[in-house]
Every structure is written in C-alpha cells, then in structure tokens.
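When a ligand or atom number is given, it counts from 1 through the structure's own listing order. By convention here, the first residue in the shown sequence is residue 1.
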Amino acid sequence: MSTNNMFCYQCQETAQGTGCTTIGVCGKKADTSALQDLLIYTAKGLAIYSSILRKREEAKKLILDKVNRYLVNSLFVTITNANFDDEAIINEIKEGLKLREDLKKYIKDSDKNMVERYGSEIINWHFDSDEELQAYADKQDVVGVLRTKNEDIRSLRELLIYGLKGMAAYAEHAMNLGKTQEDIFEFTEKALLASIDDSLSVEDLIALVLDCGHHGVKVMALLDEANTSAFGNPEMTKIKIGAGTRPGILISGHDLYDLKQLLEQSKDSGIDIYTHSEMLPGHFYPELKKYAHFYGNYGNAWWDQRKDFTNFNGPIVFTTNCIVPPLKNASYKDRVFTTNAAGFPGWKRIKVNKDGTKDFSEVIELAKTCQAPNEIESGEIVGGFAHNQVLSLADTIVENIKSGAIRKFIVMSGCDGRMAKRDYYTEFAEKLPKDTIILTSGCAKFRYNKLNLGDINGIPRVLDAGQCNDSYSWAVVALKLKEVFGLNDINDLPIAFNVAWYEQKAVIVLLALLYLGVKNIHLGPTLPAFLSPNVAKVLVENFCIAGMTTVDEDLKKFNLI
Ligand code: FSO
Ligand code: SF4
C-alpha cells in the first residue's frame, strides 16, 4: 500500500494535530487503519438490517445471541491502541458480513425502502479473497472518514462514532458481567446509521451527539452496577507500588471480570498478580482485593509500558487497550497475551472456554518460569473513592465545605498520554492551593497520584474513583451535593473541570458531562482535531468548553490564585 493512504484523527495524539496520513502516531499501519474503517463500515451495513429486525420475533435469537455483541465488539476493536492485528480484524469483518447475510433472510418486501435508503453498496459489497477485501478497505472514498466531504457534517458524524466507540467499550465490559440494556444497542444502531444518512442536517447531528451523551450516562451506570454487584463497592484502599520476591503476572486494560478469573485461577500457584495502568482500580473492590496474592500496582500509565514490561520480567495480559507496539528486540514480546477486543500480531490469545469463561493456565504456567519483577519504586498510594465511599463521607465533606476548609474540587479525570505538554497536569496538581481537592479517574491520575499532596482534615487531596468509566461517580457525587446545598444548577457547585483526554472513551465521558449540563470544561492538552471550526464554536458557545493554556493562567481562570 502506498504512503499517504490512510486517514485517522480520532485521538489526541494525531499527527500534527490534524490527522495521521502515513502511519499512526500510535503505531497503527495504513493497512490496519483501512481494515478498521472497513470494519466500522461493515457494522453500519449490519445495523441497517438489525435496526429493522430488532423487534421481530423471528430474528430475536440471532440478534440477542450474536448481533448485539458483534456491534459493540467491532466498535471496540477500532478504539485507539486496542487492536493492531490485521488477521483478527479481517475475521471480524467476515463475521459481520455473515451476520448481514443471515439477517437478510428475515427481510420482507415491505422493508425494502428502509434497506435501500442507504444505497446498494453498503448492503451488497462482498469479496472472494483476502486481497479483494484489503482492496475494498483501501477505497477511502467509500469506507474512510474523508468520504464525507462537508467538514462540519464529517466532524459531527465522527464525533458521534467516537462517542459510540467509548460507549461500546463500556457496554462490552458490562456484557461480560451479564448486564445489558436494550436501548444501548438500539442507540448504537441508530447512531451508526445516522453517520451514513445524507438527509440529516447539522442540527440533527448535534441533537444525536447530545443523545449519545445521555446513553453514555446510561452505559456508565450499567457498568457501575455490573462491577459493584459482582465485586462489591470500591472502598478506600492502600495499594503497594513496589515489587515482591515471587514471579508475577501483570494484567492491564480495563476488564475486571478477567482480573477476577485470573486471581481465582492463580491463587495457589506461588505467583503474584500485579495491575498495570487502568487496571489499578481492581484493588479497590472487596471481591478482588480479598486475594492474598493480589500484590499491587506496577509501573505507570499505559504509554510507559515498554519500560515497565521490560522490568517486570513476567508475562503480561492485555484485557483491552492501551497497547504500545513493542520494539523489535523487546525482551517481553514473547510473553504478552491478549483477550477480548485487544490484539497484536504474534501475541498469544487467552483461551476462551465453551461457556465463555477464560482459561489463564498457560499464562500462569509461564509466570512460574519467570523471575520476580525488578522493583522500580516503593511505597503505597491510596484510592477507592467511588460514589459509595465518597457519599459515606458526605457529612464530613459538607462540613469541610461549609467551614471553608475545602474551597473547591477540581475534576481532573481522563487519560494520560506521551505528549510532553502533559507535564502541565503534574504542575497544575502541585500548584493547586492546599484547600482544594482533586477528583480523578482514568489513567490521567498517573500524572499526580504519587505526589503526596496531603489531606484536608483526613480527606486525601487526590480522590481516585477508579477507571475512566468511573467518572460516573463524580456525576453521582455532584448531583448529591447539588441536592444537599439546595442548588438548581450543577454549575453553581464549587467544582471545576480540568480534564485530559486521549482516546474515544474520553469522548463518551465528555459527551456524558455535557448531557448532564456541566459547563466550563477545560479540555487538554489539545482540542480534538475532529472538531471542525464550526462544531468547536457550537461547543464553546453552548457549553463554554475551553482548551488549556498555562498552569498559572488556568489557575487564575478557575479563581484559584
Ligand atoms: Fe487510559 Fe487507555 Fe481508561 Fe483510555 S488506559 S487511555 S480513555 O484506554 O480508557 O483511561
Ligand atoms: Fe493517529 Fe490516533 Fe488514529 Fe492512531 S488512533 S492513527 S495516533 S489519530
């Protein structure tokens, strides 16, 4: 494939702040990018049929058994840093086309108009060889982002699709724990189809983007319920960040059910389990932290993994993104495993049993042959401040607000990334006045969670609710405080938002906050490249969204100095 033959601008690190056109800054190659575009296109074609048939008895079983999971998984596979494995993506495309053809059998003559309104290409395309499939994927004017010529429509279509990708990730985790919600699938179909519907105006698409935020709140609530009903409510917990003397397995990504299964299967194996990056909040849950061999959190945020994995010495399991492609001679490259939507060429897959549970025996056996991790730091950090834990401290918090001991909360949830500009968040946390508290979740925390910022009358100055989806906790807490203080508007609370973003899960979190009416969100380190000037203007005018500037200037804007 020639150079300049891809276009992706879905994440914060996109090339030149405009779009990756030769190879992704994330390491995604042009062929892989084209296949991911084709996978989304396949999901859209499938959604044409499933949206018509969803309520019909005859197709129900197929939709419940296969289509729902397919729709969320195909979106999840294309999230930044989740899957670099062309073979896995091709198989997913084949599966989607098979489902499309299976659903066609239930279509009646009276459905024809509904089916054909999106054109004949998307419902009829097929291929006879993998070469033909790749050639089809390379048709950027049919399947790629730039097929939409109007830049505002393109911006809104992509904003919607990226929000949907984030929703899908959370929906899949909830689904793995047996929790689903029909209207989340229905909205997924509706939004996929909206992105190929030429009759929709800018106003229609803006309304859909906000509706996506509404469904974002729903899916985060669903995942919260799935996690807490399976593993209990997160509670204040001290987590070791050093290393023990036994060999270990390092588990990364976000799937807590995978973590649970690994803990259970390895409990008598003479090895320890460590979390990496976004798996850190696993330590907060009673049903996970009860395992004696669940040692601690190792290393830092996802982008530092080449260093952390080299030092770890044992096997690594990716349950989701964020994967950094290893260097050619990386010492760890033969001991990495993936599962769910995550994938990388040459890495082993965790076996899935017939009943859907996972078999971690291979990775456990491999760990036993490895050396213990090198200790790269020592000490403890504290977390576990999801809504239940924080609301149990509500009286103390309210007292401290009333007495003036707590002046302001700053929500700094979101993602970390490798851009040097992100030092801003460390400096911002350090320079915050001592009467402020940081509310965090997601891997953004790694910029300041080891700074020892102290406490306010026993309340730590960094309250970590959990993973990026646990930003939901801050919405629950804010709504509770609004009620306690008898306020009409969430924006009258002493809470400021200085949020860091990286990939599409952060997009759904942002849309969820907008849906909840939160204004004045500062978003950094750069604004999304996929916002056209006009769409950015709508967000600025209606929601007062702002970018970040310098630490001192932003502290002034938040009335903190
Ligand atoms: Fe981070 Fe990666 Fe959790 Fe993202 S590890 S960047 S927003 O996947 O999902 O916070
Ligand atoms: Fe570029 Fe980000 Fe897309 Fe990767 S995910 S190709 S870095 S825009």
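- A ring pair (Phe, Tyr, Trp, His ring centres under 6.0 Å) with F318 is found for one member of F309, Y332, F84 and no other, namely F309.
- The closest side-chain donor-acceptor pair between D416 and W303 falls under 3.5 angstrom.
- Of all atoms in ligand 2, listed by their number and element, those nearer than 4.0 Å to a heavy atom of C8 are 3 (Fe), 5 (S), 6 (S), 8 (S).
- Close approach of ligand 2 to K28 (heavy-atom distance below 4.0 Å) involves ligand atoms 6 (S).
- No hydrogens or angles considered: a donor-acceptor pair under 3.5 Å links the side chains of H254 and E278.
- Protein-derived N/O/S atoms nearer than 2.8 Å to atom 2 (Fe) of ligand 1 total 1, waters excluded.
- No side-chain donor from either of N81 and N321 sits under 3.5 Å from a side-chain acceptor of the other.
- Contact annotation: for H254 versus ligand 1, heavy atoms closer than 4.0 Å belong to the side chain alone.
- Residue-ligand proximity, C20 to ligand 2, at heavy-atom distances under 4.0 Å covers atoms 1 (Fe), 6 (S), 7 (S), 8 (S).
- Residue contact check: T80 has heavy atoms under 4.0 Å from atoms 5 (S) of ligand 2.
- T237 pairs by the side-chain contact (heavy atoms from CB on, under 4.5 Å) definition with E235, I239, F284, K289, not counting sequence neighbours.
- Residue nearest to atom 4 (Fe) of ligand 2, selected from C26, G24, A82: C26 (by heavy-atom distance).
- Near T14, with a cut-off below 4.0 Å to any heavy atom, the atoms of ligand 2 are 8 (S).
- Nearest heavy-atom pair across L523 and P528 is CD2-CD, 3.9 Å.
- If you number the atoms of ligand 2 from 1 as listed, the ones under 4.0 Å from a heavy atom of Y9 come out as 8 (S).
- With a 4.5 Å cut-off on side-chain heavy atoms, F337 and R349 do not count as touching.
- For the 3.5 Å distance criterion, the side chains of H283 and K238 fail to qualify, holding no donor opposite an acceptor.
- The closest protein non-hydrogen atom to atom 2 (Fe) of ligand 2 is C11 SG, 2.3 Å.
- For the residue pair N297 and T275, a side-chain donor N or O sits within less than 3.5 Å of a side-chain acceptor on the partner.
- Not one N or O on the side chain of D31 forms a donor-acceptor pair closer than 3.5 Å with the backbone of Q134.
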